[in-house]
Amino acid sequence: MNMIQAINSAMDVVMARDPDVVVMGEDVGYFGGVFRATAGLQKKYGKTRVFDTPITECGIIGVAVGMGAYGLRPVPEIQFADYIYPALDQLVSEAARLRYRSAGEFTAPITVRSPFGGGIFGGQTHSQSPEGIFTHVSGIKTVIPATPYDAKGLLIAAIEDNDPVLFFEPKRIYNGPFNGHWDRPAENWSKHPGGEVPTGYYRIPLGKAATVRAGEAVTILCYGTMVHVCAAVVAEMGVDAEILDLRTLIPLDIEAIEASVKKTGRCMIVHEATRTGGFGAELSALVQERCFYHLEAPIARVTGFDTPYPHSLEWAYFPGPVRIGQALKTLLKDA
Amino acid sequence: MAVPPEGISRANLAPLRLHVPEPKFRPGDAVDFAGVEVPPAGAQRRPDTAAPADSFHELAYTLVRVLDDEGRAVGPWDPRLSPDALRRMLRHMVLLRAFDERMFRAQRQGKTSFYMKALGEEAVAVAAAHALDYEDMCFPSYRQQGLLIARDWPLVDMMNQIYSNSADRLGGKQLPIMYSAKEAGFFSISGNLTTQYPQAVGWAMASAAKGDTRIAAVWCGEGSTAEGDFHSACTFAAVYRAPVVMNVVNNQWAISSFSGFAGAEATTFAARAIGYGIAGLRVDGNDALAVYAATQWAAERARTNQGATLIEHFTYRTEGHSTSDDPTQYRSAGEPTAWPLGDPIRRLKDHLIALGEWDEERHVTQDREVAEEVRAAQKAAEANGILGHGLHQPLDSLFDGVFEEMPWHLREQRQQMLDEEEASGRPWARK
């Protein structure tokens, strides 16, 4: 399966088990979503469980919160993460706080699915990575898968979770893993172990990182598309790096991070989002607070730049093999 | 540099002007509400609840009224309530006013941080609650405490919340008056304006999708119809024919901004419904029977799958916006008394007296009983503590309810806070 199929399969499996799960969003019904992630679901589960919505993100999330308060488990889709901002207030002030402010009387068990990240020539409005905005908010979970297997298991866990979850789907790797070299042919999930996806029900718990590759020389913390780019760079350079795919940013698997950095003594953080105030800054602070006496070099951050995502200069913006490789060399120079 | 094509010049045009709305009266001005159109009671037709929404547009531009100046109930909107039902409604309105008065004073006495009265708007929430089923879910804004009063929710529970005391079911985590009472069909209040609108529509859609029979009702002020959420909610309500009653309480003032800043100079708030193709009604919000009748009519439409109704309650906010507001700074002192629709409690009382079902003596007795009920409730609530008398909740409860299960970072922060507390040796420490 590719990641789209795995995501589709997750919704299918959960909808079959729980009649309270509903899927909603622009174009998700009859058409099955612009990325086909919801294809076939309306036909199978009917129009009252899988339906198209007006183009109003604050409406989609506000309505989902109300449906969640009623007792359903809505899975709203925001077609591109760049368009989540009109819904920001409903997510930040409403969904995230409903349990806290009502002492548990009302909750918003919603899972907002949204394709995010660049590398598809999407320009400024189809490429952003807004996860850092939401990890700053109390009461909302943020999940980002890097393989079809994880996407399915994590999405099932997210939908079954009783807290609001943002599920950001790295659209650059919807169809296959990506080594960061935009001019080389794309790979296919069929040759990747993460592309082996069971058709039935399984969950991957939120808050557990995956060790993509064990190593001794340096710890690389990454998620989403960057997991594949980092793996490719490490293989090309022949570095003995340990790569952690964080999978969930909130809650974060701090134990795995701490254990790995203490073992390797070096830490590199890679994300596609802009640098300043990004989630990498939080990771860096946590590693510094917890592993300072084990560190043999300054923590390195490799990120997108603090600019909007430029259409024609996309590959200059993208944290690709060159930027990651140089940072890795600097980090390992005294090793 | 680009040159405009020959013959195209703007030299002769008069300069544009920006229109900034201004209310008719400011502090010091004499008030004359002659410009407020008040049609006679009973003059408006009452369409069948199955009538299509586009067949009664005129009802969005007038004022549905039932009680006339002599206290008689007239016209097709008269809900023909029994004297007992009318007396129950009156008692709830009186109770709401007494509750407000007492809690307003409690705030002034420093017993809590904040309060908001519904003075002059008692009919809007109380009469609506009487017309809805107890099982229906209400999504209030912050001035619909009358819903809880009318649903006989314990006053002590409301006061515990206002005092953030040890019996506050919300654990002191919400601003006073931001109640939540799921059992009473009262959704948790947000301070962010109109966010409850799409939520109510979503709740109603869920109810419809599940084949339930319950409907949702939602309230916002006229000022906050300017929020995007209001319009998103109207779109959703129209598209899916959601079983929801959408109330706009037009009390003329959004803190110090008069209704003109939400578009009242251009059209009515009920007329917003027309553009969405949903039913729109404009009612005399100081007429409890009109509010009841409109709500009952809209609820029946919702319950029979005719979709949403938008009701504008034309009323007046007699008090300030909140205890933090001073209305003498921005509006004429004469406005509340000159308001042409009168006082909702007096109008309902006059009606019952005109029916021979009530009298001044009984009213005075009831006032005394209600005042005693509120006083007793206050005493009971204050026995659980008041805000400002130290901490009432266990300190570590601060971290409860962010998530269903507490993640490590919150557990760590909680421990840090408790260690801090230990080190400080503060006498009021509670764990």
Side-chain angles (χ1 to χ4, degrees), chain A residues 19-20 22 24 46-49 51-72 74 86-87 89-90 92-109 138-141 161-164 206-207 250-255 286, chain B residues 137 139 168-171 173-175 178-183 186-192 194-212 214 216 218 227-229 231-236 238-240 242 397 400-410 412:
Chain A
D20 288 334
V22 295
M24 56 191 284
K47 285 201 293 185
T48 56
R49 292 189 63 197
F51 56 88
D52 294 318
T53 61
I55 306 175
T56 156
E57 288 77 12
C58 86
I60 293 169
I61 301 302
V63 161
V65 169
M67 289 184 143
Y70 177 91
L72 301 186
D89 186 48
Q90 283 289 348
V92 170
S93 313
E94 303 296 317
R97 292 190 207 156
L98 190 53
R99 178 191 297 280
Y100 194 77
R101 78 178 196 217
S102 71
E105 279 202 336
F106 296 97
T107 57
S138 317
I140 205 155
K141 294 176 177 172
D161 197 280
N162 290 325
D163 293 312
L206 307 185
I250 303 286
L252 183 69
D253 190 348
I254 192 66
E255 282 177 21
L286 283 170
Chain B
M137 183 60 82
F139 289 77
D168 173 11
R169 288 179 308 107
L170 305 187
K173 287 175 177 145
Q174 267 280 45
L175 198 65
M178 304 266 175
Y179 315 102
S180 177
K182 193 176 186 180
E183 260 182 82
F186 189 96
F187 190 73
S188 152
I189 296 178
S190 177
N192 294 32
T194 327
T195 51
Q196 73 275 18
Y197 249 69
Q199 293 165 6
V201 173
W203 196 97
M205 286 171 64
S207 183
K210 293 299 274 183
D212 201 341
R214 294 176 293 165
V218 59
E227 294 279 4
D229 292 60
H231 300 277
S232 296
C234 287
T235 303
F236 269 80
V239 168
Y240 303 98
S397 69
D400 294 344
V402 178
F403 295 104
E404 188 178 31
E405 284 167 37
M406 200 177 294
W408 66 269
H409 64 288
L410 291 177
E412 277 192 8

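Labels below follow one simple rule: chain letters A, B, ... track the order of the sequence lines, proteins then strands, and each chain is numbered from 1. Keep in mind that the numbers below use all heavy atoms, side chains included, and drop hydrogens, waters and symmetry copies.
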(request) Give, for atom OG1 of T195(B) and atom CZ of R97(A), the distance between the pair rounded to the nearest 0.5 Å. (result)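 Here the interatomic distance stands at 10.0 Å.
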Please classify the contact between [X] and chain B as side chain, backbone, both or neither, with a heavy-atom cut-off of under 4.5 Å.
| X | result |
| --- | --- |
| A64(A) | neither |
| E105(A) | both |
| T107(A) | neither |
| I60(A) | both |
| L72(A) | side chain |

(request) Give a yes or no on whether the backbone of P251(A) and the side-chain of W408(B) come within a donor-acceptor separation of less than 3.5 Å. (result) no
(request) Heavy atoms only: give me the nearest I250(A)-F403(B) pair and the separation to one decimal. (result) CG2-CZ, 3.9 Å
(request) Taking all heavy atoms of V63(A) and all of F236(B), pick out the closest pair and write down the distance. (result) CG2-CD2, 3.5 Å
(message) Between A181(B), A200(B), A242(B), G171(B), who has the most heavy-atom pairs with chain A when the cutoff is under 4.5 Å?
(response) A181(B)
(message) Whether the S232(B) and T56(A) side chains hold a donor-acceptor pair (N or O, under 3.5 Å, no angle test) is what I'd like checked.
(response)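 Yes, side-chain donor-acceptor contact under 3.5 Å.
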(request) Please determine, by modelled atom types, if E94(A) and S190(B) share a side-chain donor-acceptor pair under 3.5 angstrom. (result)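 The answer is yes; a qualifying pair exists.
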(message) Please classify the contact of Q174(B) with chain A as side chain, backbone, both or neither, using a heavy-atom distance under 4.5 Å.
(response)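 Looking at Q174(B), just its side chain touches chain A.
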